[in-house]
Asks: 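Quick one: the structure is below, and I'll ask about it shortly.
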Amino acid sequence: MDLKNNLQLKSALDDYLYGLTADLAPENTLAATMVCSGRFYRRMNRLIRKARKLEAKHSVDNQSVTDRNEKPKNYQPVNRWKKRFVLAAVIITVVLSAFSAVVAHDKITKFFITIYEKYTSIVFDMSGESAGAQDETLTEASDGSQAYNMPSYIPEGYMQTELEIYGEHALVIYTNSSEDDLIFEVNDPMNLQITVDSENTKGESIMIGQLNGFYFDNKGTQNLIWQDSECVYMITGQVGKDEMIAMAESMY
Amino acid sequence: MLSFYLAIIDNIEDKCKFEELYLLYRFTMLKAAENILRDFSLAEDAVHEAFLRILSHIGKIDEIDCNKTRAFVVIVVKNISLDMLRSRNRHPITELEEWEELPAGSDTDPEQELLGKESREAFSRALSVMKKTYADVLALSIVYELSDKEIAGILGITAANVRVRLCRGRQELIRNFREGTKENGSEE
């Protein structure tokens, strides 16, 4: 007898599940009686941002598979050609700027900005030479943790409140007295893809010293992304473009 | 130039599935955790941990606004809260305590045939007196159709421990049936 296919047991388990929540008041009622801490909301906001990134990445993967295998149901040839043209133009622009940077750097780094219908995806790549260089720099510190290059300049009023290191990804959170977060992320550039919510976004390419970077302001939150021969860095917060660039430049 | 390109891009979906889940069940989860932990600050930690685990298995959730999903998030946060309570009381149930050799050949056990003859009410009676940790694992396995590995990730235990709980849950279900049958027989 296979319990998994026993319909009577399934029905009884449904009753059991209903019983689990029966003694809990409806969400609206509970919301009126509970006040969560700022710390809880901050942590949950970070988790939601992470979830958005993961779901957007999942959408990108699915769209890539769809594009390869079949035409989507709402297939529009004109729109598709427009996107191809834009994509080609962006790639040419970014690659040309990457080649100009080669003059100043002996290691080649580049990233491609791919524009899809609903979002923007930034894919980072490294040449074999710089990938080797990365192995040299992402070495383990004496305490076993990864040693990362961190900014020496932090905007006034901000203090480091959290440090999370998982795998080859590091996340540092600086918080000010108003509980605004300034997030500094370090990522391994190998196969890294950052998906950007591009609603009402105006972006611009900028230089951090002699490195190519990309800055954009989205719904009052500023973001700065750049890559050196070792890692991809991203700063997210509400401190303004100049402060972000100052933070980035303080690392070199 | 990039601003021009970005200006023509449409926007991303307003809310992701995870966010909808959070907005719909955060206070329910906080209440479920607080009922166990009796400490709102710890309940917040439990809910955060629960959402972290749920995020890893978000693909398993189809419909957000239904009792099945509400029960799922409550199971996750209750189990985390119980773990936190155990470690706070310094009486953790270790993997070793729960570990036991699995009995072999359970699928061909004649006692299993008994289960096929029972009604939904009899199952409900048996589940109502069963240890909650076993009933939860049975529900996650049978109703939510999660694998041992997925249940392990959700509950923060090993897959081997999940198999032990499933096995014990099944044994307890059978034992409860026997006792229920005896009681019914004596009443008649």
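The analysis underlying the following values was restricted to heavy atoms, covering all of them including side chains, and did not include hydrogens, waters or symmetry mates. Here the structure is a predicted model, which is why all the values come from computation and not from measurement. Each chain gets a letter, A, B and so on, in the order its sequence line appears, and its residues count up from 1.
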Asks: What part of A:Tyr18 gets closer than 4.5 Å to chain B, counting heavy atoms only: side chain, backbone, both or neither?
Replies: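 The answer is both parts of A:Tyr18.
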Asks: Go through the atoms of B:Leu55 and report whether side chain, backbone, both or neither lie under 4.5 Å from a heavy atom of chain A.
Replies: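 For B:Leu55, the contact with chain A is made by the side chain alone.
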Asks: Are A:Thr21 and B:Asn67 linked by a side-chain donor-acceptor pair shorter than 3.5 Å?
Replies: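 A:Thr21 vs B:Asn67: donor-acceptor pair found between side chains.
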Asks: Which bit of B:Ser128 comes within less than 4.5 Å of chain A, counting heavy atoms only: side chain, backbone, both or neither?
Replies: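 Neither the backbone nor the side chain of B:Ser128 comes within 4.5 Å of chain A.
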Asks: At a heavy-atom distance under 4.5 Å, which candidate from B:Glu145, B:Lys132, B:Glu44 has the highest pair count against chain A?
Replies: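 When all of B:Glu145, B:Lys132, B:Glu44 are compared, B:Glu44 has the most.
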Asks: Please rank B:Asp45, B:Thr28, B:Leu24, B:Ile75 by heavy-atom pairs under 4.5 Å with chain A and give me the top one.
Replies: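 Option with the top pair count is B:Thr28.
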Asks: At a heavy-atom distance under 4.5 Å, which candidate from A:Leu47, A:Leu20, A:Leu54 has the highest pair count against chain B?
Replies: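 So the answer, after comparing A:Leu47, A:Leu20, A:Leu54, is A:Leu47.
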Asks: Salt bridge check: are B:Lys131 and B:Glu172 linked by an N-O gap of less than 4.0 Å?
Replies: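 The answer is no: the pair does not qualify as a salt bridge.
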Asks: Okay, side chain of A:Ser11, backbone of A:Leu7: is any donor-acceptor separation there less than 3.5 Å?
Replies: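 Yes, the answer is positive, given that a donor and an acceptor are paired below the 3.5 Å cut-off.
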Asks: Which bit of B:Glu34 comes within less than 4.5 Å of chain A, counting heavy atoms only: side chain, backbone, both or neither?
Replies: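 For B:Glu34, the contact with chain A is made by the side chain alone.
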Asks: Would one find more than 12 heavy atoms of other residues, nucleotides or ligands at under 6.0 Å from atom OH of A:Tyr41?
Replies: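 Enclosed: over 12 neighbouring heavy atoms sit under 6.0 Å from OH of A:Tyr41.
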Asks: Under a 4.5 Å heavy-atom cut-off, does chain A meet the side chain of B:Phe40, its backbone, both or neither?
Replies: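 When you check distances to chain A, only side chain atoms of B:Phe40 fall under 4.5 Å.
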Asks: Select, from B:Arg70, B:Lys78, B:Glu121, the one with the greatest count of heavy-atom pairs under 4.5 Å involving chain A.
Replies: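 Of the options given, most contacts go to B:Arg70.
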Asks: Check whether B:Asp39 reaches the backbone of B:Ser41 with its side chain - one donor and one acceptor, N or O, closer than 3.5 Å.
Replies: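 Confirmed, B:Asp39 side chain pairs with B:Ser41 backbone.
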Asks: Who among B:Tyr25, B:Phe51, B:Phe18 has the most heavy-atom pairs with chain A under 4.5 Å?
Replies: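 Highest number of pairs under 4.5 Å: B:Phe18.
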Asks: Check whether B:Tyr22 forms a cation-pi arrangement with B:Arg26 (NZ or CZ under 6.0 Å from the six-membered ring centre, at most 45° off the ring normal).
Replies: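 Judged by the rule (NZ or CZ under 6.0 Å from the ring centre, within 45° of its axis), B:Arg26 counts as positioned above B:Tyr22.
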Asks: To the closest 0.5 Å, what do you measure between CD1 (B:Ile142) and CG (A:Leu9)?
Replies: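 One gets 4.5 Å once the value is rounded to the nearest 0.5 Å.
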